[in-house]
Amino acid sequence: MMGESAINMQTDSETLVRPQRPDRYDVKAVEKRWQMEWERQHLYTVGSAEDQPKFYCLEQFPYPSGHLHMGHVRVYTLGDVVARYRRMRGYRVLHPMGWDAFGLPAENAAIKSGVAPRVSTMANIAYMKSQMRQMGLSFDWTHEVTTSEPDYYRFTQELFLMFYERGLAYRKAGAVNWCPSCETVLANEQVEDGVCWRCEAPVTKRDLTQWYLKITDYAERLLQDLDGLDWPQDIVTQQRNWIGKSTGAEVVFRVPATGDAITVFTTRPDTLFGATYVVLAPEHPLVARLVADLPSQQEVQDFVARERVTSDIERTAETAEKRGIFTGAYAEHPLTGALVPIWVGNYVLADYGTGAVMGVPSHDERDFRFSRRYHLPAVTVVRPLGESGDGFEVTTEAYTGSGVLVNSAEFTGLDSEAAKTAIADRLWERRLGGLRVTYRMRDWLISRQRYWGAPIPIVHCTRCGVVPVPVSELPVRLPEKATFTGRGVSPLAQDEHWVRTACPRCGGTAQRETDTMDTFVDSSWYYYRYTSADSARPFDPHQVSYWMPVDEYVGGKEHAVLHLLYSRFFTKVLYDAGWVPAEEPFRRLLSQGMVVYHGKKMSKSKGNTLSPESIMDDWGSDATRVFMLFAAPPEKDFEWKEAGVEGAYRFLQRVYRLAVRDLQAEDGPDGSADATVRRLTARTVHKVSEDLNRRSFNTAVSALMEFTNGLYQHWSALSAEVHRQGLETLTILLAPFAPHLAEELWHELGHGQSVHLESWPDYDAGLLVDPEVEVAVQINGKVRFKMMVSAELDGDGLGAQALADTRMVSYVHGRQLVKLVTVPGRLVNVVVR
RNA sequence: GCCGGGAUGGCGGAAUCGGCAGACGCAGAGGACUUAAAAUCCUCCAAUAGGUGACUAUUGUGCGGGUUCAAGUCCCGCUCCCGGCACCA
């Protein structure tokens, strides 16, 4: 109650402060009117004319949190300008929107307030959709998808089954990332600096049997195909680093005492003769067997147990000490036959390479420190190229560079590169290893112990084991009621009625899988569903082959190795299954920067949030859009400034006043500025088109401002025809940026049809160059004066005219002309001595 | 440590292929209109020195070198900032 009256008072005082004036348009009324009109006309529903070239313009769909934030306003504005521009350029444009609607916040809200996730989600969607309408975004809502609805997630489940059939979905027991705050597991991509990407709680480890998607099978293709993408360099690099290809060799160390073999991975097989010990990760499966009958057994088991409870952050910290313990067992060096001790060490990662390394103290910094601490021997086997003779010996720090091999039997004298292959070849001959490529990327863990996600369509039968739910029985629906405790197990597991089911294979009693899928699975294929949102299949193959790939994808950088990597993986699997025609989903990517406020990223905890609705109320959607576009290039972060929106608002009002005045303008006295303004008009069309093609929205807006300034400057000397032509061109060019004002002006200009159905203007290329141009005259590289010349004047003529200029005399007097450089239309440089 | 991106007036930014650095906007100053203010329209606005002045000279794109008739842009060597990865064998 109190809040409401406060809001009313504010509205009243605003009306008092800002009364309507004849020289201003009523932003709110104009924007509202056209939003309703566009909707009535279904203006942005994709047309049926398949003879036009297609353009798929996509922006990352939001999680329906309840309100749009400034980041959303920026992405959707950028995408909307692209979509509107392409439509006017004659493309058939698909510009859909939908909801990434599964996720933890809805479930956490349910725990707190008792409102069912689906109820709060749907309410949030309704509100955010109204905000998008208020922004004047040209979405085609007939393609809307909501990932949490059964008619979407049944297909998410079907895709999971397709992955399962192709051997790309599997269950595995192991230590997994656990977020104690979200009470669920996380994929590797979702752990950033040891903390949960969503809630920033430190991630711990748990031993669980979980479902994975085999993204590692696609590592090489995901890496290779990066080359063909029109993506920003930093995103490509991040993906490349994440995949982390590394070329080296596998080396087998036999354990004579037990008959086992330890395989290690190394990128430096050339240093093999310097290997003086072998280290296993604490989690390595061989550890227990190796120590089984040794006196060290208890001690080693204690060490392993201790290391396994240490968190990843602690264990992988730069400063972490290298701890290890000798197992008491020995392995045989594959080429020298020497017995080397087998250690267990905390610095060896279980899930990279083979989970075991060879220790080469002289040529690896970690091994060097480890060997010093535990007094393990070191042998120098690589001599740097600069060093002469055999005297070189590693003493105070490891030498990790390449060079010439020493102390390496018959390989001595080879350079490192040659030795890598020579040694790998020898290992291969002896069946003790060979060349090998590994990747840093791990398989994608998709199980989540939460309710608000797509149930994994699997049944566990006591007789048949893991059985997929037949496609005909999809969707596996979420139970409508659930008990939300937020305690470590999926709420689905507590619903006995839901869990109990019949085995699809034998009909016996069975239990449903109670984990749901990571929401990144939902968002890995939504852009396919958009093309045919009402299809009875996951998507219509004809629509997909027509629309895909996405021509322009706009989104945030934070998804560089999350959504953008998963979607590429999904697309490759769909391609292999013959479901889609293209191997890459997003041809072109525009990754937009953050909107910063008071110097910091906006967040509730920092208390520096800005509400889009109040800004749009104050200044209107058009001004908000124009400022967003004008303030900075799209990929850069920018600081939200009230004065900046005000500037955009002023610009739009200025355009409006120009139109109102020019509509009443008589012929100027002589039309003497007609030619100038015709050229300015052509130049502006050219500039704005070029800028939109290269996504330089800020300079496009500035060109529109210059155009407006030019029309103001010359208005009294224009014929009525040029007045009108200038004004109509300005209105059309403004349409993608400020759609409401453009529409209003277009109708004021007497047109009955929407400006958004107009074609993008052409221009006469002959008008781009002024007949007279100003060229700079440099003497020895310094601009000394300028002169007006005909634009056609060639280099020789230009040089002659510059030298003949009276102002030239004082500069060249008594000096010798060394060189004359001319750039027609731009400058002359006279070099004298 | 490795990888990527960046540094331009008081501020956001522009300069697309090596060719007049600072477009456009914000802030600021002045003028017009007004009883006055706001709003609007017009003009000025890198620094330093000189000149009443139109102007002239010098310096200037993080720092130091280089290539070139000409460098914000290309090359070499640094500094700092932002982002990503990081005991990955």
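Since the structure is predicted, the reported quantities are computational estimates derived from the model, not experimental observations. Letters go in sequence order (proteins before strands), and every chain restarts at 1.
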* Between B/rG30 and B/rC45, how far apart are the C1' atoms? Round to whole Å, please. => 11 Å
* Asked: Could you state the CG-P distance from A/N241 to B/rC2, rounded to the nearest angstrom?
  -> 13 Å
* Starting at atom NZ of A/K557, determine the distance to atom P of B/rC82, rounded to an integer number of angstrom. => 16 Å
* Asked: What nucleic acid atoms does A/V823 come within less than 4.0 Å of, heavy atoms only: base, sugar-phosphate, or nothing?
  -> base
* **Protein-nucleotide distance (A/Y352, atom OH; B/rC85, atom C1'), rounded to Å** => 13 Å
* Euclidean distance, atom CZ of residue A/F697 to atom C1' of B/rU16 [Å, nearest integer] -> 15 Å
* To do: Measure from CZ on A/R694 to P on B/rU16 and round the result to the nearest Å.
  => 8 Å
* Structure fact -> Given protein heavy atoms under 4.0 Å, the one-letter contact record of nucleotides 23-32 of chain B, with B base, S sugar-phosphate only and - none, is simply BBSSS-----
* **Dot-bracket summary - RNA chain B, pairs being Watson-Crick or G-U whose distances fall under 3.5 Å, with | when paired to another strand** => (((((((..(((......[....))).(((((.......))))).(((((....)))))..(((((..]....))))))))))))....
* Choose from B/rG4, B/rG13, B/rA57 the nucleotide whose nearest atom is closest to any side-chain atom of A/D234. => B/rG4
* Asked: Which nucleotide in the set B/rA89, B/rC20, B/rG84 lies at the smallest distance from any side-chain heavy atom of A/Q238?
  -> B/rG84
* To do: Report yes if the distance between the aromatic ring centroids of A/W343 and A/Y374 is under 6.0 Å, otherwise no.
  => yes
* Consider the side chain of A/R826, meaning its heavy atoms from C-beta on, and name the nucleotide among B/rG19, B/rU16, B/rA39 that approaches it most closely. => B/rG19
